[in-house]
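No experiment lies behind these values; they were computed from the predicted model shown. Every heavy atom of this structure was used, including side-chain atoms; hydrogens, water molecules and symmetry mates were not. In what follows, residues are counted from 1 in the order of the sequence shown. Order of listing sets the numbers, starting from 1, for every ligand and every atom in it.
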Amino acid sequence: MTKHIFVTGGVVSSLGKGLNSASIGMLLESRGLKVKLQKFDPYINIDPGTMSPYEHGEVYVTEDGAETDLDLGHYERFTNAETNRYCNFTTGSIYYSVIMKERKGEYLGKTVQVIPHITNEIIECMQKLDGHDTDVVISEIGGIVGDIENQPFLEAIRQFGQRVGRENVLYIHLTLIPYLSAAEEIKTKPTQHSVGMLRQAGIQPDIIICRTEKHISADVKEKLSLFCNVERNAIIEERDVKPYLYEIPLILIEQGLDKLIIQKLRLKTNGDDISKWLSILEILKNPKQATEIAIVGKYMGHQSAYESIYESLIHGGIGNNARVRVRRIESEDIEKNGAKTHLEGVKGILVPGGFGERGVEGKIEAIRYARENEIPYFGICLGMQCAAIEFARNVCRLKNANSTEFDVNTPHPVVSLLEEQRAVSHKGGTMRLGAQPCILQGGTKAYKTYGQQEISERHRHRYEFNNKYKEKFTADGMIFSGHSPDEQFVEIMELKNHPWFVCVQFHPEFKSKPTRPHPLFKEFIKASLDIC
Ligand code: GLN
């Protein structure tokens with residue numbers, strides 16, 4: 001039988017529920033258990049695909065093409081569990097499904113209500129990952145206890161425990177223990193209140209993970225244990241770990257969280273191996289070399305907007321035993337001050353995915369700088385499309401070449417809308433999404449990097465390289481090194497006479513892990529180290 005762990009959050013948001021859920025997944029996997037992870041988000045949007053990166057951060061794309069919360073990226077990076085569309089539900093998607101059922105008449109004349117219909121729908125979603133190949137499902141409940149939007153989810157996890165038996169369910173509450181410098185004290189009251197609210201909802205947490213800046217003394221743990229009605233050894237201290245996120249599972253293991261979960265859920269384990277994880281931390285802390293990469297994008301003040309890109313660069317560094325420093329550059333600053341001012345001295349330049357016209361000219365300038373100065377360049381999705389525009393304008397001499405996303409009347413639409421996209425009117429969930437096969441051409445950097453002919457990568461875009469310009473580009477020194485099997489879509493292009501200039505239409509950052517750096521990120525970092 002599949003067991004369930006529910007992770008709730010208290011006091012404030014942004015405590016790292018996603019990272020903690022992912023870390024719990026990692027520590028259970030290190031004991032030979034098979035885990036799956038999912039997240040419930042309290043907002044009304046069906047998925048985050050239509051939200052701005054300012055609002056929501058990165059949209060993480062799964063193999064099956066779901067546009068999901070970025071926490072799923074943490075799940076995949078920390079564990080071997082693959083995520084899919086059953087790993088992220090929102091209030092919007094739950095209601096949508098219930099309303100569709102109501103329209104079909106599936107409720108047989110009943111009044112449709114939050115309890116039991118919405119809560120039953122949530123419980124069904126929580127059981128979608130159950131199966132003989134899953135020992136534990138970890139479900140993260142977005143938002144914090146006390147939020148209005150959070151309530152149906154709390155009610156659902158309470159009922160869930162009652163239905164499947166309390167011994168098959170574990171409630172873990174992640175909370176903040178603030179330090180008041182004026183009083184020189186850490187405070188437990190907000191946590192007491194938050195656990196109080198959970199108990200009002202009928203949920204007694206089994207384990208409390210305390211995020212804290214300062215060490216939590218035995219006395220304070222005693223107090224928490226007493227007031228929150230949680231065993232003393234189930235109060236786990238989690239000090240801030242920045243900058244090494246991958247340290248979190250080790251901190252939790254150090255305090256015996258793995259043993260505690262195994263014992264409470266009566267899980268049968270098989271082995272105990274964290275050696276791979278330890279060697280990752282060793283490289284992160286004592287790398288043999290270093291490099292500096294510039295990312296030129298639009299949301300550089302928002303860590304979460306390019307979360308998977310930042311992490312994949314770290315993985316590329318791990319693969320080369322190197323520290324990767326990132327220079328974050330707003331593309332509009334390049335438009336104002338020129339590329340050299342911001343890019344001088346970097347050993348690699350990356351332009352990530354994006355939407356809309358703002359900042360595009362700055363990205364194009366950055367790419368020109370990389371091409372002309374032989375600095376390794378890695379273009380991802382929009383980063384490939386901008387490279388096509390740059391090459392068309394400055395090498396092929398196609399004046400005013402552009403993508404029709406930015407200029408519908410361009411005389412040279414080197415990037416244009418996919419035929420199948422022309423009729424699309426709804427914005428949500430309608431892009432070319434998810435895993436698509438790609439065939440690599442022998443003798444290219446792409447082929448050498450992957451070491452195989454057929455690959456599969458995840459996509460999220462509407463626009464595409466315009467095949468009418470292939471011949472001209474090829475004659476001027478561009479190599480088209482990856483295509484969809486029917487050759488309809490260009491998936492990878494690279495420059496002939498350049499140390500490393502590789503552009504991909506897909507998103508390799510969604511498939512990189514610290515334990516298995518994506519080959520393209522690894523090679524990009526290697527190329528940047530070669531010019532150091
Ligand atoms: N805006 C471009 C498109 O829709 C690129 C998308 C992206 O970078 N993810 O094709």
Side-chain angles (χ1 to χ4, degrees), residues 47-63 65-70 73 295-300 302 304-310 312 331 349-364 366-367 377-390 392 401-408 410 413-436 438 457-467 469 482 484 488-493 502-512 518 520:
D47 63 39
T50 52
M51 281 190 242
S52 135
Y54 284 124
E55 284 284 312
H56 187 274
E58 161 185 292
V59 173
Y60 186 79
V61 181
T62 59
E63 280 292 290
E67 296 175 279
T68 71
D69 186 79
L70 56 87
I295 301 185
V296 182
K298 270 199 305 194
Y299 311 98
M300 304 319 295
H302 293 252
S304 63
Y306 302 111
E307 189 81 39
S308 295
I309 298 271
Y310 295 132
S312 300
S331 50
I349 297 172
L350 186 153
V351 175
F355 296 84
E357 198 184 352
R358 181 171 72 82
V360 159
E361 291 302 322
K363 292 175 187 177
I364 293 171
I367 296 166
Y377 174 69
F378 193 7
I380 294 179
C381 207
L382 181 64
M384 171 172 133
Q385 298 175 357
C386 288
I389 299 169
E390 192 280 320
N402 216 330
S403 160
T404 54
E405 182 178 1
F406 316 125
D407 177 5
V408 276
T410 169
V414 288
V415 176
S416 58
L417 209 53
L418 290 172
E419 199 48 55
E420 71 217 36
Q421 284 287 339
R422 288 186 204 276
V424 167
S425 60
H426 283 38
K427 291 264 187 283
T430 53
M431 281 186 253
R432 183 174 179 230
L433 288 165
Q436 313 275 342
C438 167
E457 293 281 3
R458 299 182 198 171
H459 291 245
R460 182 174 186 249
H461 60 115
R462 286 189 207 282
Y463 294 81
E464 200 74 49
F465 182 81
N466 184 342
N467 286 332
Y469 292 91
S484 56
Q488 202 195 340
F489 302 127
V490 169
E491 304 284 30
I492 313 182
M493 57 182 217
V502 177
C503 307
V504 297
Q505 186 56 75
F506 47 79
H507 290 272
E509 71 273 24
F510 295 144
K511 286 180 72 168
S512 189
H518 191 287
L520 282 169

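- Counting only heavy atoms from C-beta outward, the side chains of R462 and E405 never approach each other to under 4.5 Å.
- For atom 8 (O) of ligand 1, the closest heavy atom belonging to the protein is G354 N, 2.9 Å.
- Using a 4.0 Å heavy-atom cutoff, H507 is listed among the residues neighbouring ligand 1.
- At under 3.5 Å, a nitrogen or oxygen of L382, whether backbone or side chain, sits near a nitrogen or oxygen of ligand 1.
- Cation-pi contact between R460 and F510: absent, since separation from the ring centre below 6.0 Å together with deviation from the ring axis within 45° is not met.
- Taking a cut-off of under 4.0 Å to the non-hydrogen atoms of E405, the atoms of ligand 1 that pass are 1 (N), 2 (C), 3 (C).
- Of all atoms in ligand 1, listed by their number and element, those nearer than 4.0 Å to a heavy atom of R460 are 6 (C), 7 (C), 9 (N).
- The side-chain contact (heavy atoms from CB on, under 4.5 Å) test with F506 is passed by exactly one of E457, H461, K511: E457.
- Proximity of L70 to S308: side-chain heavy atoms (C-beta onward) are nowhere separated by under 4.5 Å.
- Salt bridge E390/K363: absent, no basic N to carboxylate O contact under 4.0 Å.
- Among protein heavy atoms, the minimum distance from atom 7 (C) of ligand 1 is reached at C381 SG, 2.9 Å.
- Considering every non-hydrogen atom in both A305 and E58, the closest pair reads O-CB, 3.6 Å.
- Between the side chains of R358 and S331, not a single donor N or O lies within less than 3.5 Å of an accepting N or O.
- Of all protein heavy atoms, the one lying nearest to atom 10 (O) of ligand 1 is Y463 N, 2.8 Å.
- Within the 4.0 Å heavy-atom criterion, neither part of E464 lies near ligand 1.
- The protein heavy atom nearest to atom 4 (O) of ligand 1 is R462 N, 3.0 Å.
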